[in-house]
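A short worksheet on the structure shown next.
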Amino acid sequence: MRHILPFLLLSLAAACADDDGSGFFITSPPEAPTDRPIERPFRNYVTSDTCRTCHPNAYDTWHASYHRTMTQEVSPASVLAPWEGELQLRDERYVLERRGDEFWVELPDPDHPKGSPDPAPRVWREVVLSTGSHHFQAYWFISGSTRKLSLLLMCYRIDQDRWMPVDSAFVNPPEVHRKTGKGRWNRECMDCHTTRPRPGIESDVHMDTFAAELSISCEACHGQAADHVAANRSPLARYQNRSEQGVDPTIFDPADMTAEMSVQVCGQCHGMLAPANDRLAEKARVKGLPYRPGESLFAKRNLVTEGAYYFWEDGEVRVSGREFNAVIDSPCFKHGKEEERMDCLSCHALHRPEGDSRPLEEWRDDQLKPGMRGDLACIQCHDEYLDTSRIAEHTHHAVESIGSSCMNCHMPYTCWALLKTSRSHQIASPSVKPSIEIGRPNACNLCHLDQSVAWVGDKLGEWYGQEAVGMKEEHRDLASGVLWSLTGDAGQRALLAWHMGWAPSQEASGTDWMVPYLAQLLEDPYDAVRFVAGQSLQTLSGYKDFEYDFVGPEANRARAHDRALAGWTTTAQNDDPTRASRLLLHNDGALRRNLFAKLLEYRNNRPVVLAE
Amino acid sequence: MNTLPLARRHLKLGWCLLLFFLTMGIALETMHGFKLGWYLDVSNETRRLMWRLAHAHGVLLALVHIAFALTIAHLGEVNGGWPRIGSLGLNLAGFLLPGGFLLGGIIVHEADPWLGILLVPLGALALFFGVAAVALRVLRER
């Protein structure tokens, strides 16, 4: 027996080892690929796998969130698009192919020299990373040089189960087309879509890009956790910490911090910031610009407050996903005692609360606390409105009506991204001044689309004593829905098209006058406007099954416009002659086509790009 | 020393423990069957682990008690204090080990059990000495 035992043990070890020498007793890490960004252990970052050991519930709720799946390695489990067949983008053709668990695309060589007389040869590229999993999913393929990635110019719209051009997912001028963006992921996207990014951009060709974790994980918000893990390895230390119920100094928990520090954690990605100086910008290209939660976000960054791609002319953010700038400029954040200030966690729960009975999908959509989609969000501080008689007194609308919803007035849907609006997080009272001066629709007119800006101005003066503002003829004589959908810029038209499909606007404004305007927007030069107009049209009575392809041939879109108008009649003129006039209707309900066409000539055709 | 009374006590205790922890196993299975969040949710992962350990240790220790009873009954008249040491060790372990896991799972904080878990190492020590005492004696048996 004594002689047999060592032999048995050795035999067991050999049996457990795989062909490549790895196995139960002998392990050798697999070689990391060199042609794509990878996860690599990074100074003091322990990754979410380690956090899971002690925080299973927090891990589980993070795992169910869209933060985790913002960046994913491409695999059968992560790819949501049907990966087969061909895609056509203008004159470019993409062929999609699965090779086992790998995803490939054949396309014209993105590296083919510009201006070359020869057509670009077709090449196969492996798709290795995806971005997004909530509304859209975009795909990145290897460029063939170091870890630099290029963007597949078609993305997948999840709820509609369809491919569409990446250009179309944004408010983007029709004549401007995105390029494959060689290295864009390494230069821009990874900054927020990974945990502790290190772009490693040494030149346009050489990029040694890696991150502590490819998803937005625990340490993005809680900071590097190696010290925390070391300090809490001992059970005695853990029980002692728990009995003291104090703040654990080895880890950052936004929930325990002041509002000012807490919002910065979200602000590192949900804000518009730039490296504070050229030296830091240069450093960021190679080593990244690490932000450790708990430290000042502004130590290495400056807040950006202007730029047409992201802001209204008065500096208010107009794109979704950059709420930090809006929150820190809101009275709820700026005023009052430190402990009473609003921060992101006043309404949002990044980890699904225990006992939350809502479906998972409802929580993870916006990661809100229970009840925070409604008035409770505001009443938690403004508790004087628990007395419902105060509500009607304040809002001049019936208590249960949509006009008495706090957010409809103070957080209107004036931000845009990914083919939909989102609520402005710059909490403010409605005013017509920005509508007149810079064209930002006011909250009142976004429900009362059939009323003029002047009507709103009069009401705000009468109810809240707001000073009268000088108005132009169109602000007095035209309904806001008419004015902005015909003469607004692409951003305004997109907002209006969306609101014409929004139930509260439809309830407040009626719908039977909207068809000509939405039909017109079906032919809008901007893809995003056409998309939303088509969506909104389908919410109107009789148009539920209206067939329309917003990126279809131009002639088809013209036919869709005619089809939409063909079945339209209205009685909106019967309610009130002045209303009919505001809505460009004759007394018999017919459209005042000349005036309609005239206003269309005044459409603001300035190029608009709304980035994210 | 006549070990028969001691053997009878351990036989009774072993079967009683087996009955108790078998019942506990049925209760745990039932909680699985009805998908009770209080037991199955990820936030209660530690509770599930603790109670599964309580069930497993309880059943195994019940069998050890029965094995101990059969062992000393088989040996009949013996010299020395080892049966009492073995008996004491197994008795303590039979309650402290599964009891510690059971109590540890009542209140959990993330991945850490309640302080009742401290009974477990005591039970493990008791089991070690109890088993060691029997093992050493049985090894000397011809």
Side-chain angles (χ1 to χ4, degrees), chain A residues 1-2 46-65 68 217-218 221-222 225 228-248 250-251 253 255-256 349-360 363-364 369-370, chain B residues 28 30-57 93 96-128 135-136 138-142:
Chain A
M1 182 69 187
R2 180 173 306 175
V46 299
T47 80
S48 53
D49 280 345
T50 305
C51 305
R52 179 187 194 177
T53 313
C54 293
H55 306 284
N57 194 43
Y59 177 91
D60 182 58
T61 57
W62 162 76
H63 196 268
S65 75
R68 178 185 68 85
S217 67
C218 318
C221 301
H222 295 285
H228 174 68
V229 171
N232 287 281
R233 189 156 275 136
S234 155
L236 293 177
R238 292 201 301 278
Y239 282 102
Q240 190 181 354
N241 282 344
R242 201 151 294 142
S243 65
E244 289 170 359
Q245 301 217 328
V247 173
D248 183 346
T250 61
I251 196 76
D253 187 349
D256 292 335
L350 275 295
H351 295 286
R352 192 182 185 197
E354 280 193 53
D356 187 347
S357 59
R358 295 172 297 170
L360 175 69
W363 162 73
R364 73 175 184 160
K369 291 178 179 172
Chain B
L28 298 184
T30 307
M31 287 198 273
H32 261 290
F34 287 95
K35 302 293 176 207
L36 294 188
W38 190 69
Y39 180 62
L40 290 181
D41 280 356
V42 177
S43 54
N44 297 319
E45 195 175 282
T46 307
R47 172 174 296 126
R48 196 162 70 249
L49 175 67
M50 289 297 112
W51 286 4
R52 275 158 53 201
L53 286 170
H55 165 65
H57 281 81
L96 293 177
L97 260 177
F101 285 124
L102 193 63
L103 291 174
I106 290 175
I107 300 168
V108 293
H109 191 282
E110 300 201 290
D112 284 327
W114 185 61
L115 285 172
I117 194 70
L118 292 177
L119 299 180
V120 169
L122 300 177
L125 273 178
L127 181 63
F128 176 80
L136 290 175
V138 170
L139 279 177
R140 287 207 296 272
E141 187 68 20
R142 289 192 175 178

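Letters A, B, ... are given to chains in the order of the sequence lines, protein chains preceding strands, and every chain is numbered from 1.
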Mind listing the donor-acceptor pairs under 3.5 Å that bridge chain A and chain B?
residue : atom : partner : partner atom : Å
A:C54   : O    : B:A111  : N            : 3.2
A:H55   : ND1  : B:E110  : OE1          : 2.6
A:H55   : ND1  : B:E110  : OE2          : 3.2
A:R238  : NE   : B:D112  : OD1          : 2.9
A:R238  : NE   : B:D112  : OD2          : 2.6
A:R238  : NH2  : B:D112  : OD1          : 2.9
A:Y239  : OH   : B:P113  : O            : 2.3
A:R242  : NE   : B:H109  : ND1          : 3.0
A:R242  : NH1  : B:D112  : OD2          : 3.1
A:R242  : NH2  : B:H109  : ND1          : 3.4
A:R242  : NH2  : B:D112  : OD2          : 3.2

>> Is B:I117 close to chain A through its backbone or its side chain, or both, or neither, when contacts mean heavy atoms under 4.5 Å?
In response: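 The answer is the side chain of B:I117.
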> Looking at residues at least two apart in the chain, or sitting in another chain, which of them share a side-chain contact (heavy atoms from CB on, under 4.5 Å) with A:C221?
Replying inline: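 A:V265.
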